[in-house]
Amino acid sequence: MKQRAISILGSTGSIGTQTLDVAETCGVPVAALAAHKNVDLLEQQARIFHPHLVAAADSAAASALKQRLADTEIRVLAGEEGVKAAASLPQADTVVTALVGIAGLEPTLAAIDAGKRVALANKETLVCAGPLVMARAKEKGAEIVPVDSEHSAIFQCLQGSHGKEVKRILLTASGGPFFGKSRRELASVTPARALKHPNWSMGAKVTIDSATLMNKGLELLEAMSLFSVPPEQIQILIHRESILHSAVEYCDHSVIAQLGAPDMRLPIQYALFWPNRVPGPARELDLFSCGSLSFAQPDLDTFRCLALAIQAAKEGGTAPTILNGANEVAVSQFLEEKIGFLDIARAVEHALDVVPREKADTLDAIRRADKLAREAAEDFCAAN
């Protein structure tokens, strides 16, 4: 089995730190690390894993890091170009893209252009530019292996199948911390309450997206590009226990599902070693202690973010980019307690109402839609 060296974009975040846990346990060499500006943790990671290159998107953080690592032979680079250098480093053949938001798009394209295997944890890359990214990967011969637990599950369930055999994808969602709540009950939700996810340990932005169910809408959009299916061929199921991570129903009505403990190290490890499986640090699933497994339909009236994502998926073009950009702004404003929980969906809906649509076939069109969406969401938040 080929030993893969990895670059990790977003190494100080939840996925990044868990990837390093997998790398340490499984003996995977780390060629490059990149993050935004967490200097202390980046320095610690660099001294433990001895990469060739460390990049900080924030120039001040990069400058401080360069001074701290002056006693090593590790190269330190700054800005987006530094992150792209980490993504295309010759010593790495696999790039884990775990940056949050649309900031992950161009570094992911850099990894694809370099012909890397992309272990994709940055769903916004495919939400905003799915057709463009998948076409580029095909052109460059780059593999894209999903890291999101649901998409990894689908990917595993599709092994050995042919696309025409698939009837539908069953995409599961935990339902977040507010399953069963009414809009009236959600009106007073605070960031502290929204950040208490029942099953998963994730970064703040993804956790809020899970609470609004926007995360599942983004995952629907990601699945459309990854698996070349229309939104009508994806069914979303609320599965509170987070044991069955997703499933595929075939034309003969057989359903193949992937189960496991809610531990992100398992899909990370699968993306690094696919098509092989090796022992690793992920928790074992004890079926005797799981109890019953339940499934329910999502409440689209209460959780408007998911309904808006489905609308954007059906519309296509730059609508998903607008959805994503406005949501990034609204979540940030909510975390800063400048708007209410229900205002997140309202801000996204406002952006979808006012921002013109384009074909999402160029980076310029995607950048333009993202910029206008952010401006529209900021205007909404300022007025509310």
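Just so it is clear, the values below take in all heavy atoms, side chains as well, and ignore hydrogens, waters and symmetry mates.
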Run the salt bridge (Lys or Arg N to Asp or Glu O under 4.0 Å) test on Asp148 and Lys123 for me, step by step, so that the C-alpha distance in whole Å, both residues' side-chain angles and the decisive distance to 0.1 Å come before the verdict.
CA-CA 8 Å; Asp148 269 345; Lys123 61 177 65 67; 3.5 Å; yes
Would you mind listing every ring-ring contact (aromatic ring centres under 6.0 Å, His included) that reaches into residues 148-189, with sequence neighbours excluded?
Phe155-Trp274, Phe178-Phe341
Give a yes or no on this: more than 12 heavy atoms of other residues, nucleotides or ligands lie within 6.0 Å of atom CD of Glu232.
yes
So, Gln18 and Ser14: side-chain donor and acceptor under 3.5 Å apart, yes or no?
yes
Hey, is the main chain of Gly13 close enough, under 3.5 Å, to the side chain of Thr17 for a donor-acceptor pair?
yes
For Phe295, enumerate each residue passing the ring pair (Phe, Tyr, Trp, His ring centres under 6.0 Å) test, keeping only those at least two apart in sequence or located in another chain.
His239
Of all residues at least two apart in sequence or in a different chain, which pass the side chain to side chain donor-acceptor pair (under 3.5 Å) check with Arg357?
Glu315
Taking atom types as modelled and ignoring hydrogens, do the side chains of Ser294 and Glu241 form a donor-acceptor contact shorter than 3.5 angstrom?
yes
Summary of side-chain hydrogen bond (donor to acceptor under 3.5 Å, both in side chains) pairs that have at least one residue in residues 334-355, sequence neighbours excluded:
Arg304-Glu349, Glu336-Lys338, Asp343-Arg346
Between the side chains of Arg168 and Gln233, is a donor N or O closer than 3.5 angstrom to an acceptor N or O?
no
Give me the atom names and distance for the closest heavy-atom approach of Leu195 to Ile208.
CD2-CD1, 3.7 Å
Can you pull the ring-ring contact (aromatic ring centres under 6.0 Å, His included) pairs that have at least one residue in residues 94-148, sequence neighbours excluded?
none
Does Lys205 NZ have over 12 foreign heavy atoms under 6.0 Å away?
yes
Suppose we screen for side chain to side chain contact (heavy atoms under 4.5 Å, CB included). Which residues come up paired with Leu171, at least two apart in sequence or across chains?
Glu150, Ile154, Lys216, Glu219, Leu220, Ile234, Ile236, Ser246
Side chain to side chain donor-acceptor pair (under 3.5 Å) filter on Asp21, not counting sequence neighbours, yields Arg265
For residues 57-82, which residue pairs pass the ring-ring contact (aromatic ring centres under 6.0 Å, His included) check, not counting sequence neighbours?
none
Tell me every residue that passes side chain to side chain donor-acceptor pair (under 3.5 Å) with Ser225, counting only those two or more places apart in sequence or in another chain.
none
Val147 and Val278: same hydrophobic cluster, using ILVMFWY side-chain contacts below 4.5 Å?
yes
Has Thr19 got a side-chain atom pairing as donor or acceptor with Ile15's backbone, closer than 3.5 angstrom?
yes
Please output the side-chain donor-acceptor pairs of residues 317-325 that fall under 3.5 Å, not counting sequence neighbours, one pair per line with the distance.
{"unit_1": "Thr318", "atom_1": "OG1", "unit_2": "Glu358", "atom_2": "N", "d": "2.9"}
{"unit_1": "Thr318", "atom_1": "OG1", "unit_2": "Glu358", "atom_2": "O", "d": "3.4"}
{"unit_1": "Thr321", "atom_1": "OG1", "unit_2": "Cys128", "atom_2": "O", "d": "3.0"}
{"unit_1": "Asn324", "atom_1": "ND2", "unit_2": "Glu328", "atom_2": "OE2", "d": "3.0"}

Using residues 97-106 as the side-chain source, report each donor-acceptor pair under 3.5 Å to any protein atom, sequence neighbours left out, with the distance given to one decimal.
{"unit_1": "Glu106", "atom_1": "OE1", "unit_2": "Lys84", "atom_2": "NZ", "d": "3.4"}
{"unit_1": "Glu106", "atom_1": "OE1", "unit_2": "Arg367", "atom_2": "NH2", "d": "3.3"}
{"unit_1": "Glu106", "atom_1": "OE2", "unit_2": "Arg367", "atom_2": "NE", "d": "3.0"}
{"unit_1": "Glu106", "atom_1": "OE2", "unit_2": "Arg367", "atom_2": "NH2", "d": "3.0"}

Gln159 atom CD, neighbour heavy-atom count above 12 within 6.0 Å:
yes
Ignoring hydrogens and angles, tell me if any N or O in the side chain of Asp263 forms a donor-acceptor pair with the backbone of Arg283 under 3.5 Å.
yes
The complete set of ring-ring contact (aromatic ring centres under 6.0 Å, His included) pairs with one or both residues in residues 205-232, sequence neighbours excluded, reads none
Rounded to the nearest 0.5 Å, what's the gap from CD on Glu165 to SG on Cys251? Could you check?
6.0 Å
Pair Glu378 + Arg374, salt bridge at N-O below 4.0 Å:
no
